[in-house]
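Since the structure comes first, as structure tokens, the remarks are kept for the end.
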Amino acid sequence: MTPATFKVLTFDVVGTLIDFEAGLTSGLRAIAAEHGVELDAETALAIYGECRRDADAGKFPDDVARCYRTIAARLGLPLGEAHGARLVEAVADAPAFPDSVAALASLAGNFRLVAMTNARRWAFERYSKALGEPFFKSFTTDDTGTEKPDPAYFERVLSELSNDGVGKNEILHVAQSQYHDIGVSRQLGIANCWIERRHAQPGYGGTIAPAQFTEPDLHFTSLAGLAAAVEAG
């Protein structure tokens with residue numbers, strides 16, 4: 001299998017194209033510094049990942065405010081709605097990974113690009129702007145009414161793309177999350193490409209850990225790696 005086999009690339013956004021961990025930890029560090037607390041970023045990310053798996057988790061990034069209460073209580077940070085709202089904004093303004101904009105621009109010359117994000121539409125609009133508005137179509141939790149890894153999310157996207165004349169075998173799903181994307185895309189028979197953003201770090205950081213690891217169809221440690229493979233043919 002090579003990337004050139006496909007016509008459409010569907011992308012997870014948060015964690016694959018947008019460095020939400022940087023936004024989250026930057027926001028937490030700012031609050032911690034103001035109150036004389038030394039922050040362990042990896043511990044904070046792990047708590048956040050646990051919190052996002054709660055049964056009462058809401059939509060991203062609004063739910064970051066709820067998660068902040070848990071993080072604050074466990075790491076000695078100040079409580080209060082203002083701090084939670086501030087962290088939501090920090091995550092919504094998280095930067096693109098350094099290679100994302102150029103790699104997406106390159107890939108757009110060979111494929112139609114589709115965003116599939118667990119973020120709400122209001123936050124996705126910020127992310128899309130930061131990425132250079134590269135997408136042919138976009139799907140958010142506000143559009144689908146559900147979140148990945150719910151197969152219904154993927155089925156909605158497949159149905160919409162089918163209306164555009166795109167078959168499942170013409171789609172490559174590109175993502176960093178084993179839990180939200182790689183495992184379920186395999187179950188649904190969608191080819192996948194794992195962008196292992198945390199290849200130089202242990203664990204899954206702020207992303208929910210999968211029950212089991214799924215060997216991807218394609219594997220790169222950066223989006224630039226995928227773009228380079230496409231250019232090389």
Side-chain angles (χ1 to χ4, degrees), residues 3 8-30 41-42 44-45 48-49 52 59-64 67 86-143 147-148 157 172-182 192-201 204-208 216 218-231:
V8 171
L9 303 184
T10 55
F11 286 90
D12 168 63
V13 176
V14 179
T16 303
L17 307 178
I18 295 292
D19 190 354
F20 89 95
E21 290 189 353
L24 184 70
T25 56
S26 176
L28 287 171
R29 282 196 179 101
E42 286 298 311
L45 288 172
Y48 171 79
R52 285 294 289 156
K59 290 184 176 180
F60 177 90
D62 306 58
D63 190 54
V64 170
C67 293
R86 183 173 162 186
L87 194 61
V88 170
E89 284 297 309
V91 172
D93 288 332
F97 283 101
D99 64 341
S100 290
V101 174
L104 287 169
S106 175
L107 292 167
N110 296 279
F111 309 94
R112 282 188 284 180
L113 311 185
V114 175
M116 292 176 58
T117 179
N118 276 358
R120 299 196 66 183
R121 174 63 60 177
W122 72 265
F124 169 72
E125 296 297 342
R126 295 194 196 183
Y127 297 146
S128 183
K129 184 175 181 180
L131 293 167
E133 307 284 7
F135 302 109
F136 161 68
K137 282 193 171 185
S138 60
F139 298 86
T140 73
T141 55
D142 291 327
D143 305 313
E147 293 184 340
K148 298 175 294 176
V157 175
L172 177 67
H173 188 56
V174 184
Q176 68 85 27
S177 177
Q178 283 275 328
Y179 173 79
H180 296 97
D181 295 271
I182 302 301
N192 56 50
C193 175
W194 185 34
I195 305 299
E196 190 185 359
R197 288 295 190 184
R198 287 181 59 90
H199 63 279
Q201 299 164 280
Y204 288 93
T207 302
I208 297 172
L218 296 170
H219 177 201
F220 299 94
T221 57
S222 68
L223 196 64
L226 171 59
V230 170
E231 292 301 317

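Annotation for L107 and A227: closest pair CD2-CA, 3.9 Å, computed over non-hydrogen atoms. Across T140 and A119, no two heavy atoms sit closer than the pair CB-O, 3.2 Å. Among all heavy-atom pairs drawn from Y127 and A92, the shortest one is CE2-O, 3.2 Å. Across all non-hydrogen atoms, the minimal contact from I208 to G49 is CG1-O, 3.6 Å. Summarising the geometry of L226 relative to P3, their closest heavy-atom pair is CD1-CG, 3.9 Å, with the distance given to 0.1 Å. Minimum interatomic distance between A96 and L131 (heavy atoms only, all atoms of both residues): CB-CD2, 3.7 Å.
A distance of 15.5 Å separates CZ in F20 from CG in D93, rounded to the nearest 0.5 Å. Atoms CG and CZ, from L104 and F97 in turn, are 12.0 Å apart once rounded to the nearest 0.5 Å. In this structure, CG on N118 lies 10.5 Å from NZ on K59, to the nearest 0.5 angstrom. The CG atom of L9 sits 10.5 Å away from atom CZ of F135, with the distance rounded to the nearest 0.5 Å. Here the NE2-CG distance, from H173 to N192, works out to 8.0 Å after rounding to the nearest 0.5 Å. Atoms OG1 and CG, on T207 and D12 in that order, are 8.5 Å from each other to the nearest 0.5 Å.
For D62, the side chain to side chain contact (heavy atoms under 4.5 Å, CB included) test picks out R120, W122, with sequence neighbours left out. Residues satisfying the side chain to side chain donor-acceptor pair (under 3.5 Å) test with H219, not counting sequence neighbours, are E196. Residues satisfying the side chain to side chain donor-acceptor pair (under 3.5 Å) test with R121, not counting sequence neighbours, are E125, S138, D143. Every residue meeting the side chain to side chain donor-acceptor pair (under 3.5 Å) condition with R86, not counting sequence neighbours, appears here in chain and number order: E34. Partners of R198 under the salt bridge (charged side-chain N to carboxylate O under 4.0 Å, His left out) rule, at least two apart in sequence or in another chain, are E21, E42. Applying the side chain to side chain donor-acceptor pair (under 3.5 Å) test to S106 and every residue at least two apart in sequence or in another chain returns E231.
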Determine, stepwise, if the pair F60 / V91 fulfils side chain to side chain contact (heavy atoms under 4.5 Å, CB included). CA-CA 9 Å; F60 177 90; V91 172; 3.3 Å; yes
Can you check side chain to side chain contact (heavy atoms under 4.5 Å, CB included) on V64 and Y48, steps first, answer last? CA-CA 8 Å; V64 170; Y48 171 79; 4.1 Å; yes
Apply side chain to side chain contact (heavy atoms under 4.5 Å, CB included) to L45 and L24, showing your working. CA-CA 8 Å; L45 288 172; L24 184 70; 3.6 Å; yes
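Within the 3.5 Å criterion, the main-chain N or O of S177 finds no donor-acceptor partner in the side chain of K148. Between the side chain of D99 and the backbone N or O of L223, at least one donor-acceptor pair lies under 3.5 Å. In this structure, the side chain of S100 engages the main chain of L17 through a donor-acceptor pair within 3.5 Å.
Residues F111 and L172 fail the side-chain proximity criterion, which asks for heavy atoms closer than 4.5 Å.
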